[in-house]
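Have a look at the structure below before the remarks.
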Amino acid sequence: MSTRFDFSISARSDLARTGTIRMQRGDIRTPAFMPVGTAATVKGMKPEDVRAAGADIILGNTYHLMLRPGAERMAKLGGLHRFMNWDRPILTDSGGYQVMSLSDLNKLTEEGVEFRSHLDGSKHMLTPERSMEIQRLLGSDIVMAFDECPRADRPLAEIEASMEMSMRWAKRSRDAFDAGGEHAQRAALFGIQQGALDKNLRQRSADALREIGFDGYAIGGLAVGEGQEAMFATLDFAPSQLPEDAPRYLMGVGKPDDLVGAVERGVDMFDCVLPTRSGRNGQAFTWNGPLNLRNARFAEDEGPLDPACDNYVCRNYSRAYLHHLVKSGEMLGAMLLTEHNICFYQQLMAAMRDAISEDRFADFARAFRSAYLKPR
């Protein structure tokens, strides 16, 4: 049998690190950005094009897939990889965040969360055990523990109680995952640190997760409205509270400058809907900052989206044409901007890996911010 899960760090540059996660379905180069395939699709892209852009792993969403097409149906159809024609690693989230944010929440108890579907109002119960079962039925390679993700502006006592419950749920997730037979022998389980912006609560959460033991550790509870300054302040201490020899995954992040700042602070993995959602809304990310293709100034601009980029979109289509597609509501506009954005994010991760390998990450980050954040 090939390696179930192995993480090795090959180079460091200050706190930034680059390495490789090895799994049976392939290697994942870190720092890694995982395009989000919420409903078994990275919106607007074919799986082979996502891979060609440089993605080693994508993310699937437990909440959405359990509601449609259903986890049991997915298993009958051969699992998520076969269903969507993606043969490389998939990380699935636990469903907890979507239950809290999207559903008509009925009742949160120690057992789990009873909720109504945002699709048809049907009632469901999601517990740590059921979350592990769903992710097993999907055939996930990296399974996330079930947790609650409170907003950072909730009272500290509520955040503390939520964190403590999430740690009890983490232990139940570990036990349920380990009981998963063949799936547990080839997949990995990540725990999720909670505690909002509080250093002491985050330390207690990290200690509890270490005691349980996981393959990797996520930093949860950020990118939920607290702003970049508060997020970075938390990342100044949160990654170092987690095990040095395991991947650190910052959930739901983020903008390109968020990624650079988080890698600077020792984070290894990311996911976010931003490159695909922005593409559908007429926004392109470039090395010189984001562009709004709805803007009239692009109507006669024959240049590429990003002169520093060599992807398919930048080689073949002008800003003027993309502006026309966006203004006309043509689906090709959303598809091309999404493809460009996914390529840009993967190019950014590759550039960061190179800069770390050559021990020049501080200079890279400074130059990136100078160009990307320059007022225009």
Side-chain angles (χ1 to χ4, degrees), residues 29 31-38 41-56 58 228 253-261 263 270-355 358 360-361 363-376:
R29 298 163 292 178
F33 180 83
M34 300 179 283
V36 175
T38 300
T41 171
V42 177
K43 287 183 173 62
M45 291 191 72
K46 295 181 290 185
E48 52 267 36
D49 292 336
V50 176
R51 175 60 179 156
D56 294 332
I58 61 172
Q228 188 187 73
V253 174
K255 302 189 304 294
D257 48 310
D258 293 334
L259 303 183
V260 173
V263 168
F270 306 88
D271 80 278
C272 190
V273 298
L274 199 58
T276 49
R277 180 177 291 168
S278 295
R280 297 195 302 278
N281 290 317
Q283 185 180 54
F285 296 99
T286 79
W287 291 100
N288 289 308
L291 301 178
N292 180 1
L293 271 297
R294 296 183 182 279
N295 196 307
R297 69 188 176 97
F298 297 118
E300 297 181 0
D301 188 337
E302 295 182 311
L305 264 181
D306 188 346
C309 183
D310 190 40
N311 69 44
Y312 171 82
V313 180
C314 290
R315 289 196 310 271
N316 291 283
Y317 300 100
S318 68
R319 293 176 174 185
Y321 181 59
L322 294 164
H323 166 80
H324 161 71
L325 293 176
V326 170
K327 293 293 287 185
S328 302
E330 290 289 339
M331 68 173 68
L332 182 59
M335 292 167 62
L336 292 175
L337 290 179
T338 296
E339 181 171 350
H340 166 81
N341 287 344
I342 291 292
C343 287
F344 174 78
Y345 267 61
Q346 296 302 330
Q347 289 175 7
L348 175 61
M349 306 315 289
M352 287 197 280
R353 292 192 294 265
D354 289 344
E358 297 165 9
R360 54 177 178 83
F361 192 77
D363 290 340
F364 168 85
R366 190 161 40 246
F368 173 82
R369 281 190 281 262
S370 177
Y372 188 83
L373 300 175
K374 183 179 180 180
R376 288 170 180 82

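Side chains are part of it too, since the values below use all heavy atoms of this structure and drop only hydrogens, waters and symmetry mates. FYI, the numbering just counts along the sequence from 1.
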Checklist entry - Do the non-hydrogen side-chain atoms of L322 and V313 ever get within less than 4.5 Å of each other? => result yes
Checklist entry - Can you check whether Y372 reaches P290 side chain to side chain, under 4.5 Å on heavy atoms? => result yes
Item to check | Partner residues of E330 under the salt bridge (Lys or Arg N to Asp or Glu O under 4.0 Å) criterion, sequence neighbours left out | outcome: none
Checklist entry - Would you find a donor on one side and an acceptor on the other, under 3.5 Å apart, between the side chain of S328 and the backbone of L325? => result no
Checklist entry - Backbone N or O of A334 within a donor-acceptor pair of the T338 side chain at under 3.5 Å? => result yes
Checklist entry - Considering only heavy atoms from C-beta outward, does the side chain of V36 approach that of V42 to under 4.5 Å? => result no
Next on the checklist: Pair M349, F270 - check side chain to side chain contact (heavy atoms under 4.5 Å, CB included), show working.
Outcome noted: CA-CA 10 Å; M349 306 315 289; F270 306 88; 3.9 Å; yes
Checklist entry - Below 4.5 Å, heavy atoms only, C-beta onward: do K255 and Q228 meet side chain to side chain? => result yes
Checklist entry - Under the side chain to side chain donor-acceptor pair (under 3.5 Å) rule, what pairs show up with a residue in residues 339-352, not counting sequence neighbours? => result N311-H340
Checklist entry - Is any side-chain heavy atom of P31 closer than 4.5 Å to a side-chain heavy atom of F33? => result no
Checklist entry - Heavy atoms, side chains only, cut-off 4.5 Å: are Y317 and P304 in contact? => result no
Checklist entry - Would you call the rings of F364 and F361 parallel, tilted or perpendicular, where under 30° means parallel and over 60° means perpendicular? => result tilted
Next on the checklist: Which residues pass the side-chain hydrogen bond (donor to acceptor under 3.5 Å, both in side chains) test with Y321, not counting sequence neighbours?
Outcome noted: none
Checklist entry - So which heavy atom on R315 is nearest to which on D310, and how close? => result NH1-O, 2.6 Å
Item to check | Over all atoms of both residues, closest heavy-atom pair of L305 and T286 | outcome: O-CG2, 3.8 Å
Item to check | Where at least one partner belongs to residues 287-303, residue pairs that pass side chain to side chain donor-acceptor pair (under 3.5 Å), sequence neighbours excluded | outcome: D301-R319
Checklist entry - Under the salt bridge (Lys or Arg N to Asp or Glu O under 4.0 Å) test, which residues partner D257, sequence neighbours left out? => result none
Item to check | Flag, side chain of D49 to backbone of M45, donor-acceptor distance under 3.5 Å | outcome: no
Checklist entry - Taking atom NZ of K327 as the centre, does the number of heavy atoms from other residues, nucleotides or ligands within less than 6.0 Å exceed 12? => result no
Checklist entry - Knowing that exactly one of L337, L348, L274 qualifies, which makes a side-chain contact (heavy atoms from CB on, under 4.5 Å) with F285? => result L274
Item to check | Side-chain donor or acceptor of T41 paired with backbone N/O of G37 under 3.5 Å | outcome: no
Item to check | Side chain to side chain, V253 and C272, heavy atoms closer than 4.5 Å | outcome: no
Item to check | Exercise: identify the closest heavy-atom pair between T276 and K43 | outcome: CG2-O, 4.1 Å
Next on the checklist: With rounding to the nearest 0.5 angstrom, report the OG to CG distance, S278 to L293.
Outcome noted: 11.5 Å
Next on the checklist: Suppose we screen for side-chain contact (heavy atoms from CB on, under 4.5 Å). Which residues come up paired with D56, at least two apart in sequence or across chains?
Outcome noted: I28, R29, R51, R88
Checklist outcome for this item: Taking every heavy atom of A53 against every heavy atom of I342, the minimum-distance pair comes out as CB-CG2, 3.8 Å
Next on the checklist: Heavy-atom count check: over 12 atoms from other residues, nucleotides or ligands less than 6.0 Å from R280 CZ?
Outcome noted: yes
Next on the checklist: I want to check something: taking the side chain as every heavy atom from C-beta on, are I58 and D271 in contact at a cut-off of under 4.5 Å?
Outcome noted: no
